[in-house]
Amino acid sequence: MRAEPIAPARQPRRGNSARLERAVLALAGDHGRIVEHRERSWASITFSGTRHKLVIDFEGATAVEAGEELIARLEDHEFSIPGQLVADAAIKAVERVASTTSLIVHAELLLLEAE
């Protein structure tokens, strides 16, 4: 019998990325697990910051309810991240796994450097 490959452990984030992850998970009642976090620099003529793409996995009935709450609240939530302003937050996709109680949320957030 062949064993399934084990996914490499995700490197812990630091700084604003870690603060953002903690804030998003707190909005979901600290349920869920961030399985992917991509970020890239972003700039306009007047602002600079970073765009973040998060994939969050919610497993189990309680976690799925928390994920639904995150979906409902993310776009209008006022985040408090020192030195940063969340200028845009959006749910880009939601995957529901029919055979299990599981929800996967894809979110994008734009953080701007606050002066």
Side-chain angles (χ1 to χ4, degrees):
M1 186 186 310
R2 188 171 153 189
E4 291 293 319
I6 297 173
R10 206 172 63 83
Q11 292 295 322
R13 295 283 176 161
R14 296 179 184 214
N16 291 327
S17 296
R19 288 181 194 89
L20 176 64
E21 286 186 1
R22 286 192 301 271
V24 169
L25 289 176
L27 189 57
D30 289 322
H31 292 281
R33 180 174 58 98
I34 296 176
V35 295
E36 186 176 334
H37 182 164
R38 294 182 186 184
E39 73 179 90
R40 64 180 168 86
S41 296
W42 180 93
S44 69
I45 293 173
T46 53
F47 298 105
S48 63
T50 51
R51 181 163 296 281
H52 298 259
K53 294 182 179 185
L54 302 174
V55 179
I56 310 158
D57 185 21
F58 296 91
E59 291 186 29
T62 302
V64 167
E65 286 180 32
E68 296 286 358
E69 185 70 17
L70 174 70
I71 292 166
R73 297 179 57 203
L74 181 73
E75 294 182 5
D76 295 324
H77 183 69
E78 294 289 328
F79 287 91
S80 178
I81 301 173
Q84 301 291 304
L85 170 68
V86 177
D88 186 38
I91 301 297
K92 293 298 185 175
V94 177
E95 301 172 49
R96 299 178 198 289
V97 182
S99 61
T100 64
T101 307
S102 181
L103 180 72
I104 300 170
V105 176
H106 298 257
E108 289 187 18
L109 298 99
L110 175 62
L111 270 64
L112 300 179
E113 295 173 6
E115 300 194 1

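Values reported hereafter were calculated over all heavy atoms of this structure, with side chains retained and with hydrogens, waters and symmetry mates removed. Here, residue 1 is the first one in the sequence, and each next residue gets the next number. Computed from a predicted structure; not experimentally measured.
Between the NE2 atom in His52 and the CG atom in Asn16 there is a gap of 7.0 Å [rounded to 0.5 Å]. Atom CD of residue Glu59 and atom CG of residue Leu103 lie 10.5 Å apart, to the nearest 0.5 angstrom. Between Leu110 atom CG and Phe47 atom CZ the span is 10.0 Å, to the nearest 0.5 Å. Here His37 contributes atom NE2 and Leu20 contributes atom CG; the two are 5.5 Å apart, rounded to the nearest 0.5 Å. The CD atom of Glu75 sits 10.0 Å away from atom CG of Leu70, with the distance rounded to the nearest 0.5 Å.
When the salt bridge (Lys or Arg N to Asp or Glu O under 4.0 Å) test is applied to Glu69, the partners found at least two apart in sequence or on another chain are Arg73.
No side-chain heavy atom of Phe79 sits under 4.5 Å from any side-chain heavy atom of Leu111. Side-chain contact between Val105 and Leu74: absent, with no pair of heavy atoms (C-beta onward) separated by less than 4.5 Å.
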Please tabulate, for side-chain N and O atoms in residues 80-98, each donor-acceptor pair with protein atoms closer than 3.5 Å (sequence neighbours left out).
| from | atom 1 | to | atom 2 | distance (Å) |
| --- | --- | --- | --- | --- |
| Glu95 | OE2 | His106 | NE2 | 2.5 |
| Arg96 | NH1 | Glu68 | OE2 | 2.5 |
| Arg96 | NH2 | Glu68 | OE2 | 3.4 |

Counting only pairs under 3.5 Å, give me each side-chain donor-acceptor contact of residues 23-34, with atom names and distances, residues two or more places apart or in other chains.
| from | atom 1 | to | atom 2 | distance (Å) |
| --- | --- | --- | --- | --- |
| Arg33 | NH2 | Asp57 | OD2 | 3.4 |

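There is a side-chain donor-acceptor pair under 3.5 Å between Glu39 and Ser17.
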